[in-house]
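To find a chain, count down the sequence lines: A is the first, B the second, and so on, and within it residues start at 1. Note that the coordinates shown come from a computational prediction; the quantities given were computed from them, not determined experimentally.
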Protein chains: 2
Amino acid sequence: MTSPLVLPAAPLLEQYGEEARLCSCANDQLTLVFSRRHPFDLVELEQLLEAVGWSRRPVRRVRKALANSLLTVGLWRHDPRIPRLVGFARCTGDGVFEATVWDVAVHPLYQGSGLGSQLMVYVLEALEAMGTERVSLFADPGVVNFYQRQGWELEPQQHRCAFWYAS
Amino acid sequence: MTSPLVLPAAPLLEQYGEEARLCSCANDQLTLVFSRRHPFDLVELEQLLEAVGWSRRPVRRVRKALANSLLTVGLWRHDPRIPRLVGFARCTGDGVFEATVWDVAVHPLYQGSGLGSQLMVYVLEALEAMGTERVSLFADPGVVNFYQRQGWELEPQQHRCAFWYAS
């Protein structure tokens, strides 16, 4: 898989980690950055997940789940001092034979301009770099087409588990 | 979930760990023990998985996958010095909101007497004790009924993902 994601300038790499990538968006006033390293404010994270319609979860349990996750990715609206979290995804799994993507979210104010697709590219590249063989996710009926357009394959019988195979 | 699994005597707990449980079987000459702690010989493990018909995987990658797993369970034919691995299962996941069961195997010589069902009880009790909310697995068509009989629920549309909910 070749990446459409752009490497940010040195100051952003310092702030967001060396695996950080830019997320392109229609509004050129914004700088959006994918990061695997920038820490999360768990209240801000749950507010994001609530904004996309999911029910709030106890922060203590979310903290444990993130600590046990294989990969956590934030999409940040850049600010030198206080970046805002506008997207998120995490993965569990062994990182070798399989991984599963959870909690894929882009804030409603930032949806509809391809940020979700770039988020999935960033996630899959990170998993592929680990040597992960297969990635699965559980897609709601409303987003199955979104994942199929990106090359995810549904299992037979029209169920809602989608798989991605490392090239 | 109440456990039909029996606590072994002190010497076995010392050998297999405090979470060890006895696995009942028809042959009263055998002592079979579930353990989350007894170390695996990765060659013996891959031989077991081969015996149930899966293709062998590189030991280096298996070691990494086990290290990244949330839970690994061995079913051991007890011997004070050299226990033999006759069953296995492992789980990945965050251990909070979800976990997924992989590599469920009972050696063909030991199949057909309820060992697999007891193995799943042991696995689910361990996950429930962690506070895991939902457990999933990917069942081959041939074993879907096996899991349904144990209370696993298939998603709509007859697909092959089964879920277990913590009581």
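- The local environment of CD1 in B:Ile82 is sparse, with at most 12 non-hydrogen atoms from other residues, nucleotides or ligands closer than 6.0 Å.
- Note on B:Leu32: it does not cluster hydrophobically with B:Leu13, by side-chain heavy-atom contacts below 4.5 Å among ILVMFWY residues.
- Counting non-hydrogen atoms of other residues, nucleotides and ligands closer than 6.0 Å to CZ of A:Arg84 gives a total of 12 or fewer.
- Of the listed residues (B:Leu70, B:Asp94, B:Asn68, B:Thr92), the one with the most heavy-atom contacts under 4.5 Å to chain A is B:Asp94.
- Annotation: A:Glu14, atom CD; neighbour count of heavy atoms from other residues, nucleotides and ligands within 6.0 Å does not exceed 12.
- B:Phe138 carries A:Arg134 over the face of its six-membered ring, with the cationic atom under 6.0 Å from the centre and within 45° of the normal.
- Atom CZ of B:Arg90 has more than 12 neighbouring heavy atoms from other residues, nucleotides or ligands inside a 6.0 Å radius.
- Linking Ile, Leu, Val, Met, Phe, Trp and Tyr whenever their side-chain heavy atoms come within less than 4.5 Å puts A:Met120 and A:Val143 in one cluster.
- Hydrophobic clustering keeps B:Leu7 apart from B:Tyr122 (ILVMFWY residues linked when any side-chain heavy atoms are closer than 4.5 Å, directly or through intermediates).
- Residues of residues 60-67 of chain B placed with any heavy atom under 4.5 Å of a heavy atom in chain A are listed by number as B:Arg61, B:Val62, B:Lys64, B:Ala65.
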